[in-house]
Amino acid sequence: MTQIPFWLDTDTGVDDAFALLAALYLKNAEMVGASAVAGNVTHDKTFRNARNVLAYFGHPEIPVYPGAEQPLEIPLQTAAYIHGNNGLGGVILPDSDAPVETKPAWEAIYEAACAHENFEIVAVGPLTNIAILIQNHPDIKDHVKQIRIMGGVAQGGTWSVCGEFNICVDPHAAEIVFQSGIPIMMFGIDVTMKASVEKEDIEAIEAMTSKAGRLFADCMDLATIANSERFGRTAVAVHDVLPVLSYDYPELFNGVHCGVHVETAGVITSGMTVTDIWSAKKYPEKNAEVMLEVDREAFIRVFKGLLARI
Ligand code: RIB
Ligand code: CA
């Protein structure tokens with residue numbers, strides 16, 4: 001089967017790190033490049049982390065391009081309470097010796113999109129880079145088949161009462177991306193929280209001797225504590241891994257094709273993905289496949305299998 005070429009745009013934090021890892025071992029898709037955006041921590045750290053994670057797992061040749069240091073219109077909010085001040089839960093990885101790319105992410109992604117058939121983007125951080133790409137290159141929709149997003153939520157919220165972090169950090173960028181005309185596959189916290197790594201899984205991973213298992217055990221402490229304080233149970237969500245694994249395991253996910261807009265002007269609701277999952281038909285377009293269900297047991301089995309063997 002011909003692999004789908006895709007780009008991974010990330011605000012490498014702890015779950016992004018395992019999205020990068022999963023992206024290295026897909027059968028049905030090939031990561032042709034990656035880029036960094038400010039989000040979980042500031043851009044200097046997300047850029048360094050993405051480079052170092054790829055090098056740590058033996059793939060410094062995959063280029064990582066620098067991206068936006070600030071959201072389009074509002075001040076940056078970060079999530080160091082989950083990802084640690086350095087973005088990897090305090091884990092210090094060796095610095096990659098790969099050449100330091102300087103071309104802006106949105107130019108590198110455009111070039112890659114023009115050079116590959118059936119090109120896709122996976123965006124697992126705030127959508128600032130992708131929005132700038134769309135603003136700078138309106139023809140990009142002719143070169144990108146689909147954007148798989150970790151972000152948003154149809155019901156509820158974790159960063160706000162009605163919003164998810166990636167979208168709330170840059171709601172203006174997100175609305176540009178959702179209305180770009182490029183089909184969206186949205187992996188919101190509706191589905192990523194249902195795939196949380198629970199206490200018994202964490203214990204099993206902590207017993208692993210593999211490199212990936214050790215890294216998970218070492219970098220997820222803060223995230224696990226933050227989750228436990230918030231949700232009253234020992235668990236951690238590896239949000240960003242879901243859109244990446246969807247290439248090889250599409251059968252694990254189930255969603256609704258519907259219209260989505262992002263609130264950008266609300267006082268309470270800024271960053272809300274206003275999702276027409278009940279087909280109220282108030283939107284002219286059904287622009288997204290919004291994932292709502294996941295086979296958690298199968299997902300955890302696949303994820304733990306990956307950690308155990310790398
Ligand atoms: O809300 C979860 C998302 O926000 C994940 O992508 C996590 O890495 C943070 O960026
Ligand atoms: Ca992320």
Side-chain angles (χ1 to χ4, degrees), residues 7-23 31 34-43 45-50 53-54 64 67-68 71 76-89 91 105 121-130 147-171 173-174 177 184-197 215-216 219-220 222-224 226-227 230-231 235-246 262 270-273 290-291 294 303:
W7 191 278
L8 184 55
D9 190 65
T10 162
D11 60 336
T12 305
V14 293
D15 59 323
D16 308 67
F18 293 93
L20 283 161
L21 171 63
M31 176 167 55
S35 45
V37 64
N40 288 323
V41 288
T42 51
H43 175 269
K45 296 171 182 176
T46 64
F47 182 52
R48 179 197 61 209
N49 291 343
V53 166
L54 289 172
V64 178
L76 175 65
Q77 304 169 75
T78 57
Y81 79 103
I82 291 181
H83 300 269
N85 291 327
N86 78 336
L88 290 179
V91 170
I121 296 170
V122 178
V124 296
L127 292 167
T128 317
N129 290 343
I130 313 306
I147 304 176
R148 302 185 193 215
I149 288 173
M150 191 282 132
V153 54
Q155 296 163 324
T158 47
W159 188 252
S160 72
V161 173
C162 53
E164 175 279 330
F165 178 80
N166 286 338
I167 308 299
C168 286
V169 165
D170 198 340
V177 175
I184 305 291
M185 191 180 277
M186 178 176 128
F187 294 79
I189 52 175
D190 313 278
V191 72
T192 65
M193 292 296 275
K194 290 175 185 168
S196 285
V197 182
L215 181 64
F216 184 97
C219 74
M220 284 295 184
L222 203 52
T224 305
N227 261 9
R230 233 162 140 194
F231 305 119
V236 64
V238 284
H239 305 277
D240 298 342
V241 176
L242 277 78
V244 173
L245 286 186
S246 71
V262 178
S270 179
M272 179 177 182
T273 40
V290 174
M291 295 303 174
V294 58
F303 182 60

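Only a predicted model underlies this, so the values are computations on that prediction, with no experimental measurement involved. As a basis for the values below, the full set of heavy atoms in this structure was taken, side chains included, without hydrogen atoms, waters or symmetry mates. Whatever order the structure lists them in is the order used to number ligands and atoms, beginning at 1.
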Item to check | Heavy-atom nearest option to atom 6 (O) of ligand 1, drawn from Asn40, Val153, Asp240, Asp11 | outcome: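 It is Asp240 that holds the nearest heavy atom.
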For ligand 1, which atoms have a heavy atom of [X] less than 4.0 angstrom away?
| X | result |
| --- | --- |
| Met150 | 2 (C), 3 (C), 5 (C), 6 (O) |
| Asn166 | 3 (C), 4 (O), 5 (C), 6 (O), 9 (C), 10 (O) |
| His239 | 2 (C) |
| His83 | 8 (O) |

Item to check | Candidates Lys194, Met150, Gln155 - the one meeting side chain to side chain contact (heavy atoms under 4.5 Å, CB included) with Ile189 | outcome: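 Filter result, single survivor: Met150.
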Next on the checklist: Among Met186, Arg148, Met185, which residue satisfies the side chain to side chain contact (heavy atoms under 4.5 Å, CB included) criterion with Met291?
Outcome noted: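 Exactly one candidate clears the test, Met185.
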Checklist entry - Of all the non-hydrogen atoms in the protein, which one sits nearest to atom 8 (O) of ligand 1, and at what distance? => result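 Ranked first by proximity to atom 8 (O) of ligand 1 is Asp15 OD1, 2.6 Å.
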Checklist entry - Considering only the protein, which heavy-atom contact is closest to atom 3 (C) of ligand 1, and what is its distance? => result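 The closest heavy atom on the protein side is Glu164 OE2, 3.3 Å.
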Next on the checklist: Within the 4.5 Å heavy-atom criterion, are Leu127 and Ile167 side-chain neighbours or not?
Outcome noted: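 Yes. Closest side-chain heavy atoms under 4.5 Å.
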Next on the checklist: Within the 4.5 Å heavy-atom criterion, are Val238 and Phe216 side-chain neighbours or not?
Outcome noted: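 Yes - at least one pair of side-chain heavy atoms lies under 4.5 Å apart.
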For the Ca ion (ligand 2), the closest N/O/S atom belonging to [X]:
| X | value |
| --- | --- |
| Asp16 | OD2 |
| Asp11 | OD1 |
| Asp240 | OD2 |

Item to check | Asp16 contact mode with ligand 1 (heavy-atom cut-off under 4.0 Å) | outcome: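 Side chain only.
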Checklist entry - What closest approach, in Å, do His83 and Gly13 show between heavy atoms, and which atom pair accounts for it? => result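 Closest approach of His83 to Gly13, heavy atoms only: ND1-CA, 3.3 Å.
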Checklist entry - So is there a nitrogen or oxygen of Val124 less than 3.5 Å from a nitrogen or oxygen in ligand 1? => result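 By distance alone, the answer is yes.
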Under 3.5 Å: donor-acceptor pair, side chain of [X], backbone of [Y]:
| X | Y | result |
| --- | --- | --- |
| Asp11 | Val41 | no |
| Asn166 | Gly152 | no |
| Thr273 | Val153 | yes |

Checklist entry - Going through the distances and angles, do Thr46 and Thr10 end up as a side chain to side chain contact (heavy atoms under 4.5 Å, CB included)? => result CA-CA 8 Å; Thr46 64; Thr10 162; over 6 Å; no
Checklist entry - Is there an N/O/S atom in Gly125 at a distance below 3.0 Å from the Ca ion (ligand 2)? => result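 No.
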